[in-house]
Amino acid sequence: MDFRLYDSIKKEKLNFQPIIENEVSIYICGPTVYDDAHLGHARSALSFDLLKRVLIYLDYKVTLAKNFTDIDDKIINKLSSSDITLEELTNFYINRYLEDMEAIGVLRADIEPKATESMEAMESMINTLLSKGYAYKLDSGDIYFDSTKDTKYGSISNMVTDDSDNISRIESVDGKKNPKDFALWKACKDNEDICFQSTLPSGRPGWHIECSAMIDKHFSGTDDYCIDIHCGGADLLFPHHENEAAQTRCSLNKEIAKYWIHNGFVTIDGEKMSKSLGNSFFLKDALKIYDGELLRYYLISINYRNNFNFSEEDLINSKKRVDKLYRLKKRLYGVKIGKINRIFKETLLEAMCDDLNSSKAMAVVDDMISNTNEYLDKEPKNKALKQEAQANIEFICKLLGIGCKDSIEWFQQGVGSEEKDKIDRLINKRSEAKKSRDFELADSIREELNLMGIAIMDSADGTKWEKI
RNA sequence: GGCGGCAUAGCCAAGUGGCUAAGGCAGGAGCCUGCAAAGCUCUGAUCCCCGGUUCGAAUCCGGGUGCCGCCUCCA
């Protein structure tokens with residue numbers, strides 16, 4: 001099955017052809033770890049999690065790296081107002097990030113490089129750029145990349161304008177040759193700076209060099225490309241990815257990646273979620289209210305390239321949709337996993353192979369759910385059908401990361417054991433009332449449960465309940 | 001100012017030249033049910049506006065309008 005993905009540099013859907021047969025190398029620009037992950041981080045991680053899952057099902061040997069930027073001005077700023085060390089701070093947020101991502105079902109990366117553990121690789125790349133004349137050192141010790149020396153600079157973002165207004169918006173640095181030049185290395189300004197010692201002046205790396213160096217360190221690639229797919233948020237396209245590409249091209253004489261994919265933003269009230277706007281919705285806060293799998297479902301319900309306008313109302317509507325999957329799963333409770341429906345599997349995979357069309361994939365899932373329910377309405381005891389449906393749901397879980405939980409627990413989240421006992425007692429009481437045709441009492445018990453936030457539904461195998 | 005993206009039913013959202021424009025939520029009707037709920041069935045849009053290309057366009061081109069993003073750290 002062909003896998004097509006939209007390359008955001010070439011701006012077209014391409015048939016994926018790995019640089020090395022049967023293998024896929026993926027690099028994702030990960031977070032700068034100075035604060036908790038927000039929904040934007042979640043969406044980015046989820047988009048590329050789907051990418052990894054699909055490629056695994058296409059039988060590729062996937063190696064996915066996602067870095068942690070653990071040295072950066074923002075981290076240093078945060079450090080100045082506390083007593084902890086850089087490592088303590090960044091480890092704290094790395095762990096928080098990993099916990100949050102696990103809660104929404106993001107598979108761990110195969111490689112999780114940290115900038116501070118890649119200093120030699122950065123030093124080496126900067127020295128190469130200096131010796132080849134692509135970089136220059138200022139009196140301050142800062143080292144800059146000379147963007148005019150790279151003839152392909154601008155090929156990633158198409159941002160090679162030199163209008164005066166643009167120039168005025170870039171922080172002026174004495175000695176910087178061109179407005180688009182960027183720092184490869186920042187020398188220490190005073191004793192309070194966090195500095196790394198090497199053959200370079202005492203200092204710390206610029207942001208862009210990290211990714212180029214880490215990719216070179218962890219992937220061997222081919223003569224033409226370092227890796228297959230480079231991923232990141234759309235906001236990284238310029239200047240970050242342009243600069244990464246330039247550094248790699250000029251130091252290693254090859255392109256950093258064959259394909260580039262970028263996820264759209266999460267917006268709130270139509271505006272991009274960001275620290276500066278103060279409209280961040282932290283994942284950990286969302287997880288206090290909503291189940292991780294529900295957040296996952298909601299965030300992948302539209303295609304990864306679109307902007308995603310977050311709304312709690314839409315999230316709650318998504319819950320109703322996931323509930324349908326779990327009601328079917330509940331209907332199959334205790335049935336063994338059988339043989340998957342081949343057409344369903346292919347249709348679902350095919351949707352995902354079309355540039356990760358998760359929206360279409362969910363329509364395929366919905367179709368499977370209603371078909372299965374329809375057949376089960378007619379033949380409630382068809383065991384083979386139930387086993388097949390179990391297998392279908394198992395596949396949905398593996399490919400999309402949805403429907404993986406226990407169906408009873410899904411509907412009983414947040415209900416304590418004491419409350420469960422009470423619910424069971426009331427349901428028993430109601431069943432007896434029903435048996436003696438005392439519908440008035442039965443209905444009043446149902447109303448009582450309703451007020452407790454519990455919905456009940458009578459079925460052939462007894463009364464079931466759900467937390468509303 | 002430069003570069004880029006988006007505009008599809010009340011809402012969310014697929015769709016990248018061609019059968020009746022996916023799917024979900026909400027709404028309406030029905031089946032089922034003691035009544036409900038759940039489940040199932042049926043039910044809604046000519047795709048922001050104008051012009052063009054084409055036998056044929058939501059889909060391509062040109063011009064508008066509106067919204068968003070990048071150009072400074074950002075997933």
Side-chain angles (χ1 to χ4, degrees), chain A residues 6 8 11-13 28-32 34 37-48 69 72-74 77 154 157-171 179-180 207 231-240 242 262-267 270-276 280 298 301-303 305-309 311 313-324 327-328 330-331 351 354 357-367 369-378 434 437-440 442-443 446-447 450 455-459 463-466:
Chain A
Y6 183 86
S8 32
K11 297 191 186 302
E12 58 180 332
K13 261 187 209 174
I28 302 172
C29 284
T32 302
Y34 71 109
H38 55 59
L39 292 175
H41 294 106
R43 175 139 137 100
S44 180
L46 287 170
S47 303
F48 308 129
T69 297
D72 173 89
D73 288 352
K74 290 188 295 297
N77 287 343
S157 65
N158 195 27
M159 290 281 286
V160 278
T161 51
D162 265 328
D163 61 289
S164 54
D165 187 54
N166 195 6
I167 291 166
S168 69
R169 294 183 60 162
I170 295 173
E171 193 187 350
K180 290 274 194 290
W207 175 39
C231 311
D235 47 353
L236 299 183
L237 210 149
F238 188 85
H240 186 52
E242 185 73 62
H262 291 89
N263 66 279
F265 306 119
V266 176
T267 62
E271 282 189 316
K272 184 185 165 190
M273 187 181 289
S274 75
K275 292 282 285 180
S276 52
S280 294
Y298 175 52
S301 66
I302 83 165
N303 286 3
R305 283 194 283 130
N306 296 356
N307 282 352
F308 188 107
N309 194 46
S311 116
E313 193 186 335
D314 293 342
L315 174 56
I316 290 161
N317 286 337
S318 280
K319 166 91 165 54
K320 295 176 186 170
R321 213 174 166 184
V322 190
D323 283 349
K324 289 174 80 162
R327 285 207 190 91
L328 174 60
K330 195 161 73 170
R331 208 170 171 178
D354 182 14
N357 194 335
S358 48
S359 192
K360 195 192 269 179
M362 285 172 170
V364 174
V365 170
D366 284 335
D367 193 47
I369 293 170
S370 67
N371 280 337
T372 308
N373 275 322
E374 190 185 349
Y375 292 137
L376 283 177
D377 282 351
K378 288 174 192 156
K434 269 176 64 183
R437 304 195 65 79
D438 184 353
F439 296 124
E440 206 170 309
D443 289 352
R446 183 164 63 198
E447 182 58 22
N450 218 308
I456 57 170
M457 37 211 72
D458 296 327
S459 76
T463 300
K464 303 279 172 34
W465 64 270
E466 295 178 2

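Lettering of chains follows the sequences in order, A, B, ..., and the numbering in each one begins at 1.
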Exercise. With both distances kept under 3.5 Å, what pairs with rU33(B), Watson-Crick or G-U wobble?
Worked result: none
Problem set entry | side-chain contact (heavy atoms from CB on, under 4.5 Å) partners for D438(A), two or more places apart | A433(A), S436(A), E440(A), L441(A)
For this session: With sequence neighbours excluded, tell me which residues meet ring-ring contact (aromatic ring centres under 6.0 Å, His included) with F308(A).
Result: Y298(A)
For this session: Give one of base, sugar-phosphate or nothing for G232(A), where a contact means two heavy atoms less than 4.0 Å apart.
Result: sugar-phosphate
Exercise. If you check the N158(A) side chain, which of rG34(B), rG4(B), rG39(B) turns out closest?
Worked result: rG4(B)
Problem set entry | Test: E466(A) and R327(A) ion pair at under 4.0 Å | yes
For this session: Mind calculating the distance between CD (E242(A)) and P (rU72(B)) to the nearest angstrom?
Result: 13 Å
For this session: Give F265(A) one of three labels, base, sugar-phosphate or nothing, depending on what nucleic acid heavy atoms sit under 4.0 Å from its own.
Result: base
Problem set entry | Whole-angstrom distance between rG44(B) and rA29(B), as gauged at atom C1' | 13 Å
Seminar exercise, completed: The residue, R446(A) or I302(A), whose nearest nucleotide of RNA chain B is more 5′ is I302(A)
For this session: Under a 3.5 Å limit for both distances, which nucleotide forms a Watson-Crick or G-U wobble pair with rC73(B), could you say?
Result: none
For this session: If rA9(B) has a Watson-Crick or G-U wobble mate with both distances under 3.5 Å, name it; if not, just say none.
Result: none
Exercise. In the structure shown, which nucleotide is the Watson-Crick or G-U wobble counterpart of rG44(B), with both distances under 3.5 Å?
Worked result: none
For this session: Taking only the side-chain heavy atoms of D443(A) (C-beta and beyond), determine which of rC70(B), rC35(B), rC40(B) contains the nearest atom.
Result: rC35(B)
Exercise. Counting any heavy atom closer than 4.0 Å, what does L237(A) reach on the DNA or RNA strands: base, sugar-phosphate only, or nothing?
Worked result: nothing
For this session: Using distance alone, with no hydrogens and no angle criterion, decide if R331(A) and N373(A) have a side-chain donor and acceptor under 3.5 Å apart.
Result: yes
Tabulate atom names and distances for all N/O pairs under 3.5 angstrom spanning the protein and nucleotides 15-18 of chain B.
unit_1, atom_1, unit_2, atom_2, d
rG15(B), OP1, N357(A), ND2, 2.8
rU16(B), O4, R305(A), NH2, 3.4

Exercise. Salt bridge or not for D366(A) and R321(A), using N-O below 4.0 Å?
Worked result: yes
For this session: Look at the side chain of N307(A) and the backbone N and O of G264(A), then say whether any donor-acceptor pair between them is shorter than 3.5 Å.
Result: no
Exercise. P atom, rG51(B) versus rG5(B): distance in rounded Å?
Worked result: 25 Å
For this session: Please report, rounded to the nearest Å, how far the P atom of rA38(B) is from the NZ atom of K319(A).
Result: 12 Å
For this session: Indicate, with a heavy-atom threshold strictly under 4.0 Å, whether G264(A) touches base, sugar-phosphate, or nothing.
Result: base
Exercise. Roughly how far apart, to the nearest Å, are rA9(B) and rA45(B) at atom P?
Worked result: 12 Å
Problem set entry | OP1 or OP2 of rA75(B) under 4.0 Å from side-chain N/O of K272(A) | no
Problem set entry | Assigned partner base of rU54(B), Watson-Crick or wobble definition, under 3.5 Å | none
Exercise. Minimum heavy-atom separation for D235(A) to K272(A), with atom names?
Worked result: OD2-NZ, 3.3 Å
For this session: With sequence neighbours excluded, tell me which residues meet salt bridge (Lys or Arg N to Asp or Glu O under 4.0 Å) with K320(A).
Result: none
Exercise. Who passes side-chain contact (heavy atoms from CB on, under 4.5 Å) against N309(A), sequence neighbours left out?
Worked result: T267(A)
Exercise. If the P atom of rC48(B) is compared with that of rG27(B), how far apart are they to the nearest Å?
Worked result: 27 Å
Problem set entry | Worked verdict on F238(A) versus H240(A) for side-chain contact (heavy atoms from CB on, under 4.5 Å) | CA-CA 5 Å; F238(A) 188 85; H240(A) 186 52; over 6 Å; no
Problem set entry | Interatomic distance, E374(A) CD vs rG39(B) P [rounded to whole Å] | 14 Å
Exercise. Is the phosphate of rG39(B), meaning OP1 or OP2, less than 4.0 Å from a side-chain N or O of R327(A)?
Worked result: yes
Exercise. Is it the case that more than 12 heavy atoms not belonging to E313(A) sit under 6.0 Å from its CD atom?
Worked result: no
Problem set entry | Minimum-distance nucleotide to E271(A) side chain [options: rA75(B), rG69(B), rG34(B)] | rG69(B)
For this session: Mind checking H240(A) for me? I need base, sugar-phosphate or nothing, with any heavy atom below 4.0 Å counting as a touch.
Result: nothing
Exercise. D458(A) has a side chain; which of rA36(B), rG5(B), rA75(B) sits nearest to it?
Worked result: rA36(B)
For this session: Tell me which of P239(A) and F439(A) sits closer to the 5' end of RNA chain B, going by the nucleotide each one is nearest to.
Result: F439(A)
Problem set entry | Complement of rU16(B), any strand, by Watson-Crick or G-U distances under 3.5 angstrom | none
Exercise. Can you tell me how far P of rA38(B) sits from CD1 of I369(A), to the nearest Å?
Worked result: 15 Å
Exercise. Over how many whole Å does the gap from L315(A) atom CG to rA13(B) atom P extend?
Worked result: 14 Å
Exercise. Rounding to a whole Å, what distance do you find between M159(A):CE and rG1(B):P?
Worked result: 15 Å
Exercise. Could you state the CE-P distance from M273(A) to rC73(B), rounded to the nearest angstrom?
Worked result: 21 Å
Exercise. Applying a 3.5 Å limit to both distances, which nucleotide forms a Watson-Crick or G-U wobble pair with rA21(B)?
Worked result: none
Problem set entry | Stepwise side-chain contact (heavy atoms from CB on, under 4.5 Å) test for R446(A) and I456(A) | CA-CA 7 Å; R446(A) 183 164 63 198; I456(A) 57 170; 3.7 Å; yes
For this session: Using the P atoms only, state how far rG39(B) lies from rG24(B), rounded to an integer number of Å.
Result: 11 Å
For this session: Assign a letter to each nucleotide of nucleotides 23-32 of chain B from its 5' end: B, base within under 4.0 Å of a protein heavy atom; S, sugar-phosphate only; -, no contact.
Result: BSSS------
Exercise. If the C1' atom of rA57(B) is compared with that of rU46(B), how far apart are they to the nearest Å?
Worked result: 11 Å
Problem set entry | E466(A) CD - rG39(B) C1' separation (whole Å) | 12 Å
Exercise. Does one side chain, of N303(A) or S359(A), offer a donor that lies under 3.5 Å from an acceptor on the other?
Worked result: no
Problem set entry | Any N373(A) side-chain nitrogen or oxygen under 4.0 Å from OP1 or OP2 of rC40(B) | yes
Exercise. What distance, rounded to whole Å, do you find between the two C1' atoms, one in rC40(B) and one in rC50(B)?
Worked result: 46 Å
Exercise. When the C1' atoms of rG2(B) and rU72(B) are considered, how many whole Å apart are they?
Worked result: 16 Å
